[in-house]
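Just below is one structure, and these are the notes that go with it.
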Amino acid sequence: MSNSVVISGTGLWTPPHAISNEELVTAYNAHADLFNTENAAAIEAGEVAAKVHSSAEFIEKASGIKNRFAYIKDGILDINRLCPNIPKRADDELSDQAEMGVHAARLAMAAANKTAADIDAIIVSCTYTQRSYPAIAVEIQNALGVEGFAFDMLVACSAATFGIHRAYEMVAAGTAKTLLVINPELTSPQCNWGNRDSHFIFGDVSVATVVESAETSNSDHRYEILSTKALTSYSNNIRSNFGFVDRANDSDPYSADRLFHQNGRKVFKEVCPMVANHITEHLQSNDLGSEDVSRWWLHQANINMNSLIGKKLLGRDATPEEAPIVLDRYANTASAGSLIAFNLYHEDLVAGDYGVICSFGAGYSIGSMVVRKV
Ligand code: CO8
């Protein structure tokens, strides 16, 4: 592949509604008390487990998360609902996820000095799409007035990097010249806000990336993608069983196993070494070592995971400048975390500096890019 391919701009759209740990825990604990009162007899008889209180201190210590953003906050803290109340839109209105995507796409296009006429393909890549078809990407294509083609792809936490991989390959192969990769992560409808183990983990966000040939790029901050590397390895430790076959199962399509659930400890133990090896091998294939990397834009699921991976890579603690953390403000935004970090912390690097963008999570899946500032 001869064409040099660059990331020429990114866009970050932050939803307007913040939810602090304290607010979340107050609602969860009130919900737990209500549940325990309503199920007192069954709890007493040992048939139902009582719900235990959550704690803001635990959340911050175990995850590093202090805050998350919600596309719609209404309903999430309502102890009788614990789910965002997102009004249904008509088929001729822009869908919620397309709206989120358009916000980030416009910001990315502005950063890359591109108009709709410059874009010839769009990939929407995320954890869930709110419907199967028409693709959210095609709806966004229409909203932006882009010609060419668009499609959706789902790769859970690695959706953003895997999407950029596909864009990189298309530009390198000459099948598209300038792509938008958009990650509208609307996680809040799939988060189990009534589950103590996971109610604090997720936030909503939308990010977008312009990937194009170096020859056409002219923005202030361009990063050449030197190589991409992907890995998947099947695991049941992070699962969401919601799907179109539910209707045929005659079972509750909204039961807890249909929502996000995980064995967090196992994920932690299994994924961290996989990620460190993956990145090390990826750097080696470019004749680089960890010491050559100026910035690590890592997936943002858990502060302790990032610290451990940083230590494995560097043999010491990574500084916040080297490996910026955004999960304290944004929580785990599924695939978007590494791109949020990139969006907020990439302008200060100088030409020739190397960086690594890496995501990891459900699947398991790991996706990385080694980049160099132009
Ligand atoms: N408040 C107070 N105490 C709690 C709470 C709480 N909310 N939750 C658990 N505890 C208690 C437990 O009861 C336990 O108590 P004890 O020691 O007495 O048994 C103690 O705290 C420790 O519990 P854990 O072992 O569960 O806690 P950990 O220290 O392991 O931390 C984490 C839990 C934060 C979940 C951690 O394991 C972790 O982050 N692991 C990595 C997980 C990860 O990265 N997963 C990726 C998920 S995202 C993804 O891949 C794709 C999904 C995409 C989108 C989904 C959208 C909804």
Side-chain angles (χ1 to χ4, degrees), residues 21-22 24-29 31-32 49-66 68-71 76 82-84 97 125-130 154-162 183-205 232-242 254 256-275 298-309 327-328 330-338 358-367:
N21 286 350
E22 288 71 20
L24 195 65
V25 166
T26 300
Y28 175 85
N29 289 349
H31 155 79
K51 287 204 176 195
V52 183
H53 275 194
S54 182
S55 113
E57 296 74 45
F58 168 85
I59 294 170
E60 192 174 337
K61 187 160 173 286
S63 70
I65 296 166
K66 299 178 188 167
R68 73 279 301 136
F69 293 95
Y71 172 63
I76 292 177
L82 296 181
C83 178
Q97 240 176 335
S125 187
C126 52
T127 308
Y128 304 95
T129 48
Q130 74 181 96
L154 306 179
V155 201
C157 287
S158 294
T161 52
F162 276 46
N183 323 106
E185 290 290 10
L186 183 56
T187 63
S188 52
Q190 262 285 328
C191 177
N192 189 344
W193 301 95
N195 178 281
R196 178 175 175 256
D197 293 339
S198 63
H199 75 118
F200 55 88
I201 295 181
F202 294 102
D204 298 331
V205 82
T232 52
S233 172
Y234 187 63
S235 167
N236 270 327
N237 286 325
I238 313 169
R239 256 189 107 97
S240 161
N241 289 326
F242 185 78
Y254 306 114
D257 83 298
R258 302 308 205 281
L259 304 176
F260 166 88
H261 56 285
Q262 71 167 350
N263 187 336
R265 274 282 154 113
K266 275 202 173 156
V267 174
F268 197 112
K269 279 201 187 123
E270 292 174 4
V271 170
C272 289
M274 282 169 69
V275 172
L298 296 179
H299 185 59
Q300 305 278 321
N302 178 294
I303 184 83
N304 301 316
M305 276 180 113
N306 286 31
S307 303
L308 184 58
I309 291 165
L327 62 85
D328 52 345
Y330 283 88
N332 181 339
T333 50
S335 76
S338 57
C358 184
S359 65
F360 39 87
Y364 298 133
S365 60
I366 305 175

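All ligand and atom numbering here is 1-based and tracks the order in the structure.
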Under a 4.0 angstrom heavy-atom cut-off, which atoms of ligand 1 come close to [X]?
X: Asp197; result: 8 (N), 9 (C)
X: Gly361; result: 50 (O)
X: Cys191; result: 57 (C)
X: Cys157; result: 48 (S), 49 (C), 50 (O), 51 (C), 52 (C)
X: Val267; result: 42 (C), 43 (C), 45 (N)
X: Gln190; result: 57 (C)

Please check if any side-chain donor atom of [X] sits under 3.5 Å from a side-chain acceptor atom of [Y], or the reverse.
X: Asn236; Y: Tyr234; result: yes
X: Arg68; Y: Asn332; result: no
X: Asn263; Y: Arg265; result: no
X: Tyr128; Y: Ser240; result: yes
X: Asp204; Y: Thr187; result: yes
X: Tyr28; Y: Asn195; result: no
X: Tyr364; Y: Glu270; result: yes
X: Glu185; Y: Thr127; result: yes

Specify the protein heavy atom at minimum distance from [atom]: its residue, its atom name, and the distance to 0.1 Å.
atom: atom 53 (C) of ligand 1; result: Thr127 CG2, 3.5 Å
atom: atom 36 (C) of ligand 1; result: Asn302 ND2, 3.8 Å
atom: atom 46 (C) of ligand 1; result: Gln262 OE1, 3.7 Å
atom: atom 31 (O) of ligand 1; result: Ala62 CB, 3.7 Å
atom: atom 3 (N) of ligand 1; result: Arg196 NH2, 3.0 Å

Flag [atom] as yes if some protein heavy-atom distance to it falls below 4.0 Å, otherwise no.
atom: atom 49 (C) of ligand 1; result: yes
atom: atom 15 (O) of ligand 1; result: no
atom: atom 29 (O) of ligand 1; result: yes
atom: atom 26 (O) of ligand 1; result: no
atom: atom 18 (O) of ligand 1; result: no

Anything under 30° is parallel, anything over 60° is perpendicular, the rest tilted; go ahead and classify Phe242 against Tyr254.
parallel
Please confirm whether [X] comes within less than 3.5 Å of ligand 1 when only nitrogen or oxygen atoms on both sides are compared.
X: Asn332; result: no
X: Ala362; result: yes
X: Gly264; result: yes
X: Ser55; result: yes

Does [X] approach ligand 1 within less than 4.0 angstrom via side chain, backbone, both or neither, non-hydrogen atoms only?
X: Val271; value: neither
X: Thr187; value: both
X: Ala301; value: side chain

Run the contact test for Tyr128 against ligand 1 with a 4.0 Å cut-off on heavy atoms, strictly below, and give the result.
yes
Measure the shortest side-chain to side-chain distance between Tyr71 and Pro84 over non-hydrogen atoms and say whether it is less than 4.5 angstrom.
no
Within a strict 4.5 Å, meaning less than it, do heavy atoms of the Ser338 and Gln300 side chains meet?
no
Rounded to the nearest 0.5 angstrom, the CZ-CG distance for Phe260 and Asp197 is 10.0 Å
The reported gap from SG in Cys191 to CD1 in Ile76 (rounded to nearest 0.5 angstrom) is 8.0 Å
What verdict does the side chain to side chain contact (heavy atoms under 4.5 Å, CB included) test give for Asp328 and Ile303, after you've listed the backbone C-alpha separation in whole Å, the side-chain angles of each residue and the deciding distance to 0.1 Å?
CA-CA 8 Å; Asp328 52 345; Ile303 184 83; over 6 Å; no
Taking atom 20 (C) of ligand 1 as the point of reference, which of Phe360, Phe58, Phe260 owns the nearest heavy atom?
Phe58
Between Ser359 and Cys157, is a side chain to side chain contact (heavy atoms under 4.5 Å, CB included) present by the stated rule, with each step listed?
CA-CA 7 Å; Ser359 65; Cys157 287; 5.7 Å; no
